[in-house]
Student: 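Got a structure for you, written out below as structure tokens; questions coming shortly.
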Amino acid sequence: MSAQLKLYNTATRAVSEFIPLQPGKVGIYLCGATVQAPPHIGHVRSGVNFDILRRWLTASRYDVTFIRNVTDIDDKILHKAAHENIPWWAVAQKYERAFTEAYRALNVLPPTYEPRATGHITQMIELMQLLIHNGSAYAPGNGDVYLDVRHLKSYLTLSNQKLDDLQSAEDADLTYKKDPRDFALWKAAKPGDPSWPTPWGAGRPGWHLECSAMAHAYLGESFDIHGGGLDLIFPHHENEIAQSQSAGWGFANIWMHNAWVTASGEKMSKSLGNSLQVPEILKQVRGIELRWYLGSAHYRSMLEFSFNALQEAATNFCRIEGFLKRATDVLEVTPDGVIHEGFAEAMNEDLAVPTALAVIAEIMRNGNNALAAGDMVGVKTAASEIRGALAILGCDPFDTIFSNDENADAKVLDGLVSLALEQRAAARVRKDFAAADAIRDQIAALGVVIEDTAQGTRWSIG
RNA sequence: GGUCGGAUGGCCGAGAGGCGAGGCUCAGGACUGCAAAUCCUGCUACACGGGUUCAAAUCCCGUUCCGACCUCCA
């Protein structure tokens, strides 16, 4: 692999060379979903961005351990449960499945492990005991446990804020908190809420504790990369750092944050309704096309959503896919993916996908010219390089996850279309273009597109 | 009030002192019975006002506008 990978680190606000803690190995913790609503495309953009990182690291011969959690207990889940009149665990499971389905549709690789918050209560209690024992946290007797934010001098270094500049929460209750900015590691059980027993009374986890506990459980005291959406920098990631470092752990070496999908310049929110939920979008474009779109902007840039731009991305992808299919027909084998040097350079530069896409466009132009010239070596090279690049972006059309219907129906369809094309070919031979065009028009009306090439007529659905 | 991002051609979207990123759309051309696909050519942009420099979309100062976070958001 050519140059060394460089990554932007939110903590240092600079792009720097990636040096793993252990040579050849990378540990990544990504904040996954709080499963309290269906996934919208902003959620899955995060999944796609970090999936590209993971695939690139793997292609760069790192042994990657990728942990993406599910937060399956929190205030909103309990709210929803009350509102929908179903158990909280049913809410969590329902939306966890929806996320899993969305990730699958977009070819986001399953993480090495996907821990749930409720499965790690023991680790959370152990962490709280440690924090109380060393004076970083306190249990004031009401069943809550708080972290003492003034105890850790490095608090707020990730977001570069000063504790005294923070606007205090309006509803801060100082009956038990020493400082209004102290945050709850653990919340005392309210009647009807789920709870787990602890030395300080029955209760449930606060929002941030689970990530510290689970990152520690699977990646150890220090690990390479911690990721998540930009909006998690404060408070979530600051609080994770506070908990973990108060426990004496090194925690994350590099912090990476993906930007949002925006709509009309504004961060997407649930108030936009259902239209930007993943299953809705997938009624308009294929999963591979949505992924291409979501991955096409640099991960640190806002992606301004529009159906028009989505459609453009799909068109662009179809051209690339079309080249690969034509190349495969001519080569009579599916080319293996290889990594083009220019593509690697772009990816090594903090995952500069837009630059990488320009490289792909150039390779494709060369490939199409090679096809026209009958240069089989050139076709094979281009097809291999494009396939290699698409695999990193998770958009390899030959990936079995995207080729779902190699079944009996497909064979019947192929036979029927071929029959029609033979009729048309016969008409063309006798220069009966009216008949030939009539056949084409009829099958076109059914959605079958025809291309006449030097090697014969190709057809596709689209 | 504090912290952090933005503003680039018809649209999307890179770049971060000097060789017109790229894509999509559109127009013209080549190829074709016609289409389609493909290729070639064209469409020379960086919010505004100053400044630094041989050279500024990029650096500095100021201005306008937009957005995000400030304790349970990807």
Side-chain angles (χ1 to χ4, degrees), chain A residues 10 13 30-34 36-37 39-50 71 74-77 149 156 159-169 171-172 180-184 187 205-208 227-236 238-239 257-262 264-270 293 296-298 300-306 308-317 319-320 322-323 326 346 352-362 364-365 367-369 371-373 428 431 433-434 436-437 440-441 444 449-453 457-460:
Chain A
T10 306
R13 301 190 185 270
L30 174 64
C31 282
T34 298
Q36 43 99 2
H40 59 60
I41 55 174
H43 294 122
V44 288
R45 182 190 184 191
S46 180
V48 167
N49 285 158
F50 283 97
T71 296
D74 97 315
D75 285 3
K76 285 184 179 168
I77 293 171
V149 295
L156 301 182
S159 58
N160 195 28
Q161 298 178 97
K162 293 190 178 72
L163 193 57
D164 292 325
D165 289 341
L166 292 186
Q167 288 180 356
S168 294
D171 57 351
R181 287 151 301 211
D182 289 351
F183 61 90
K187 298 184 166 193
W207 178 30
H208 317 291
L230 208 51
D231 43 359
L232 296 182
I233 293 175
F234 184 87
H236 187 53
E238 289 288 10
N239 289 354
H257 294 95
N258 65 279
W260 302 303
V261 176
T262 56
S264 305
E266 290 183 25
K267 180 184 175 188
M268 243 170 64
S269 68
K270 290 161 205 96
Y293 173 61
S296 65
H298 186 90
R300 285 194 281 120
S301 296
M302 301 293 172
L303 177 63
E304 170 65 17
F305 178 82
S306 72
N308 189 40
L310 175 64
Q311 208 53 59
E312 283 181 5
T315 302
N316 176 225
F317 182 75
R319 281 193 64 217
I320 297 168
F323 166 72
R326 286 193 302 278
V353 173
T355 306
L357 297 188
V359 173
I360 291 174
E362 191 190 332
M364 195 173 70
R365 205 162 38 245
N368 275 319
N369 281 322
L371 265 178
R428 291 178 73 206
K431 306 260 187 223
F433 296 120
D437 289 355
R440 182 172 62 194
D441 290 348
V449 179
I450 292 176
E451 296 168 34
D452 292 323
T453 75
T457 302
R458 300 180 72 246
W459 68 273
S460 57

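We name chains A, B, ... by the order of the sequence lines, and we start the count at 1 in each one.
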Student: Under 3.5 Å between N/O atoms: give me all the protein pairs with nucleotides 37-44 of chain B, atom names plus distance.
Tutor:
residue : atom : partner   : partner atom : Å
rA37(B) : O2'  : Arg326(A) : NH1          : 3.1
rU38(B) : OP1  : Arg319(A) : NE           : 3.1
rU38(B) : O3'  : Asn368(A) : ND2          : 3.1
rC39(B) : OP1  : Asn368(A) : ND2          : 3.2
rC39(B) : OP2  : Arg319(A) : NH2          : 3.1

Student: Closer than 3.5 angstrom, by distance alone: can the side chain of Arg181(A) be matched with the main-chain N or O of Leu163(A) as a donor-acceptor pair?
Tutor: yes
Student: Would you write out the dot-bracket form of RNA chain B, 5' to 3', with Watson-Crick and G-U pairs under 3.5 Å, [ ] for crossing pairs, | for pairs to other strands and . for unpaired bases?
Tutor: (((((((..(((.....[...))).(((((.......)))))....(((((..]....))))))))))))....
Student: Kindly say whether, by distance alone, the side chain of Lys76(A) makes a donor-acceptor pair under 3.5 Å with the base of rC73(B)?
Tutor: no
Student: Going by the angle between their ring planes, with limits at 30° and 60°, are His236(A) and His208(A) parallel, tilted or perpendicular?
Tutor: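 Rings of His236(A) and His208(A): tilted, 30 to 60°.
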Student: Between rG1(B) atom P and Asp165(A) atom CG, what is the distance in whole Å?
Tutor: 12 Å
Student: What is the distance from atom OG of Ser159(A) to atom CD1 of Ile233(A), rounded to the nearest 0.5 Å?
Tutor: 7.5 Å
Student: Taking only residues two or more places apart in sequence, or in another chain, which ones meet Phe50(A) in a ring pair (Phe, Tyr, Trp, His ring centres under 6.0 Å)?
Tutor: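 With neighbours one apart ignored, the set is empty.
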Student: Contact class for Glu238(A) (heavy atom, under 4.0 Å): base, sugar-phosphate, or nothing?
Tutor: nothing
Student: Excluding sequence neighbours, so at least two apart, what forms side-chain contact (heavy atoms from CB on, under 4.5 Å) with Asn369(A)?
Tutor: Arg365(A)
Student: Ignoring hydrogens and angles, are the base of rA35(B) and the side chain of Arg440(A) linked by a donor-acceptor pair under 3.5 Å?
Tutor: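 Yes.
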Student: Within a radius of less than 6.0 Å around CD of Gln311(A), do more than 12 heavy atoms belonging to other residues, nucleotides or ligands occur?
Tutor: no
Student: If you only use heavy atoms from C-beta on, which nucleotide in rA74(B), rC69(B), rG13(B) is closest to the side chain of Val261(A)?
Tutor: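 Closest nucleotide to the Val261(A) side chain: rA74(B).
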Student: Could you list the protein-to-nucleotides 4-11 of chain B atom pairs, N/O on both sides, closer than 3.5 Å?
Tutor:
residue : atom : partner   : partner atom : Å
rC4(B)  : OP1  : Asn160(A) : ND2          : 2.9

Student: Classify Asp437(A) by what it touches in the nucleic acid, base, sugar-phosphate, or nothing, heavy-atom distance under 4.0 Å.
Tutor: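 Contact class for Asp437(A): base.
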Student: Please tabulate, one pair per line, each protein N/O and nucleotide N/O from nucleotides 16-19 of chain B that are separated by under 3.5 Å, including the distance.
Tutor:
none

Student: For rG1(B), take OP1 and OP2 only and decide whether either is under 4.0 Å from a side-chain N or O of Lys162(A).
Tutor: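 So the side chain of Lys162(A) is outside the cut-off, no N or O lying under 4.0 Å from OP1 or OP2 of rG1(B).
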Student: What is the distance, to the nearest angstrom, from the CD atom on Glu304(A) to the C1' atom on rA14(B)?
Tutor: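 Spelled out: CD on Glu304(A) to C1' on rA14(B) is 17 Å.
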